[in-house]
Amino acid sequence: MAKQTVLILDFGGQYNQLIARRVRECGVYCEVHPYRMTVAEIKEKAPIGIIFTGGPNSVYIENAPKPDKELFELGIPILGICYGLQAMSHVLGGNVKPADKREYGKTAVRYDRSSPLFKGLGDEGMVWMSHTDFVSEMPAGFRSVAFSSECPVAAMEDSERKLYGLQFHPEVNHTDNGTLILKNFLYDVCGASGDWTMHNYAQQIISDVREKVGNGKVLLALSGGVDSSVCAQLMKKAVGKQLTCIFVDTGLMRKNEGNEIEEAFGGGDINFIRVNAEERFLTKLAGVTDPEKKRKIIGEEFIRVFEEEAKKIGKVDYLVQGTIYPDIIESGAGDAAVIKSHHNVGGLPDFIDFKEIIEPLRLLFKDEVRALGRELGLPERIVRRQPFPGPGLAVRVIGEITKEKLDILREADAIFREELEAAGLDSSISQYFAVLTNMRSVGVMGDVRTYDYTIALRAVTTTDFMTADWAKIPYDVLERVSNRIVNEVKEVNRLVYDITTKPPATIEWE
Ligand code: XMP
């Protein structure tokens with residue numbers, strides 16, 4: 001199925017993936033590529049429009065990243081954002097120079113509403129600015145269509161050549177009607193029809209996979225996380241019984257998680273193998289307290305269990321991996337373009353006899369993976385699952401791991417999650433869980449002295465998990481969680497809330 005494509009050429013800005021997210025939210029498929037993508041490669045993609053991202057450079061310094069001049073002669077509409085606008089100006093003969101005063105933060109601008117970009121907006125609006133350089137002289141053929149008190153060219157256009165530029169960032173939430181501005185560019189300038197829908201995509205990828213796999217045998221390591229679950233569901237719809245999923249239940253999962261996975265996939269539509277390996281893992285982990293050692297043991301044991309099962313199956317044709325788009329986007333600027341490659345289960349392909357890897361989610365962002373899961377009928381509990389570390393609860397039980405400690409943590413964690421969900425906070429908090437500290441303290445229950453564990457609650461908000469803030473959970477919710485946990489979970493008599501940011505702390509405790 002042909003779909004309209006917009007190309008986002010990456011000049012190294014911090015919001016580049018966000019631009020892509022917004023474009024897709026507008027129902028238009030897009031891809032992010034380094035700004036160095038050649039004109040020939042661009043033509044091959046036949047995009048309906050191109051967006052230049054922001055970037056950290058000044059366009060007038062030597063070796064600053066610049067678009068190829070030929071791009072502007074293809075007749076393809078182009079929108080330059082921030083540095084992208086300056087680069088467009090510079091290459092087409094305008095002038096860009098440093099301003100006396102850096103413009104940063106929410107800024108009021110006035111729009112010329114005769115520009116198609118600002119259709120449906122008021123005369124004035126707040127936008128997010130983050131720049132020192134500005135366009136002091138526009139290239140021939142352009143006119144300014146927005147300005148602020150500091151910036152005479154907050155937006156410019158050459159409607160004849162369909163070239164547009166914004167000094168501000170329409171992709172961030174701080175810009176009022178930012179998505180509408182992008183939508184105007186996509187629909188009114190590029191002629192988008194909005195053909196990127198999850199329904200269409202699901203149909204397309206199912207038929208692509210079917211065609212590729214033919215009668216072949218497919219193997220998938222199902223962790224129960226969102227990505228591998230969506231992969232499994234998709235492959236189930238595409239090839240049914242040709243698919244074998246191996247789910248290694250390490251005994252380190254949250255309450256009911258293993259059963260939920262079995263319920264979703266064990267119905268006989270595919271070959272579903274649940275390996276109950278709790279005892280193996282706990283035996284290996286007995287007496288181990290060092291976090292790195294725990295991780296290593298679990299990683300190795302996982303591979304071993306998986307290998308044993310895979311060998312029983314013998315040769316397969318395809319191995320499915322849940323790689324998603326942010327893992328493969330190549331960064332635009334910088335000299336060494338690094339391609340991040342992420343494998344949920346490191347080293348897996350080495351010992352399995354297979355022909356090719358299939359990555360059915362490689363074009364999707366995380367929230368699109370969830371949307372696809374919903375489209376394919378996965379239960380909401382699985383679709384909304386938060387990131388969960390590979391080593392599971394082993395890194396949330398501090399110190400030595402025992403089944404008893406895991407059970408205590410599972411109960412406390414389930415209550416915490418239940419209460420946050422009941423309070424409607426689960427969608428605004430990125431990740432939340434309980435940790436069983438290795439500390440016991442004195443308490444009193446009834447008239448009896450207790451000497452029990454302390455549970456720590458962790459809840460963070462973050463967009464990239466590289467930095468995170470602790471979530472400001474209302475006191476009454478914390479109070480309910482605390483009451484329930486100390487009342488309902490034996491062996492816990494104290495509860496603390498972790499209020500450290502990352503950095504200096506990490507999200508997980510180990
Ligand atoms: P930290 O603790 O480093 O965690 O701030 C950042 C994010 O990564 C998750 N995490 C892991 N995910 N395997 C994973 O797949 C792991 O070993 C692992 N350790 C941490 C963590 O839950 C958080 O979302």
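Remember, it's 1-based here, ligands and their atoms both numbered in the order they're listed.
Cation-pi geometry between Arg21 and Tyr325 is not satisfied (NZ or CZ under 6.0 Å from the ring centre, within 45° of the ring normal). In this structure, Arg24 satisfies the cation-pi test against Trp196, with its NZ or CZ atom closer than 6.0 Å to the six-membered ring centre and inside 45 degrees of the ring normal.
Between Ile51 and Leu7 there is no side-chain heavy-atom pair separated by less than 4.5 Å.
Tested against Glu411 for a side chain to side chain donor-acceptor pair (under 3.5 Å), the candidates Arg484, Lys255, Lys490 yield a single pass: Lys255. Of the listed residues (Val6, Ile8, Val32, Asp10), just one forms a side chain to side chain contact (heavy atoms under 4.5 Å, CB included) with Ile19, and that residue is Ile8.
Among Ala505, Ser430, Gly390, the residue whose heavy atom sits closest to atom 15 (O) of ligand 1 is Gly390. In this structure, of Pro291, Gly225, Pro389, the residue bringing a heavy atom nearest to atom 12 (N) of ligand 1 is Pro389.
Ligand 1 places these atoms under 4.0 Å from at least one heavy atom of Thr506: 1 (P), 2 (O), 5 (O). Close approach of ligand 1 to Pro387 is summarised as follows: ligand atoms under 4.0 Å from at least one heavy atom of the residue are 24 (O). Within ligand 1, the atoms closer than 4.0 Å to a non-hydrogen atom of Pro391 are 16 (C), 17 (O), numbered from 1 in the order shown.
In this structure, Arg295 counts as a contact residue of ligand 1, since one of its heavy atoms falls inside 4.0 Å of the ligand.
For Phe416 and Phe433, the gap between ring centers reaches or exceeds 6.0 Å.
Below 3.5 Å of separation, one finds no N or O of Phe465 facing any N or O of ligand 1. Backbone and side-chain nitrogen or oxygen atoms of Lys502 are examined, and one is located within less than 3.5 angstrom of a nitrogen or oxygen of ligand 1.
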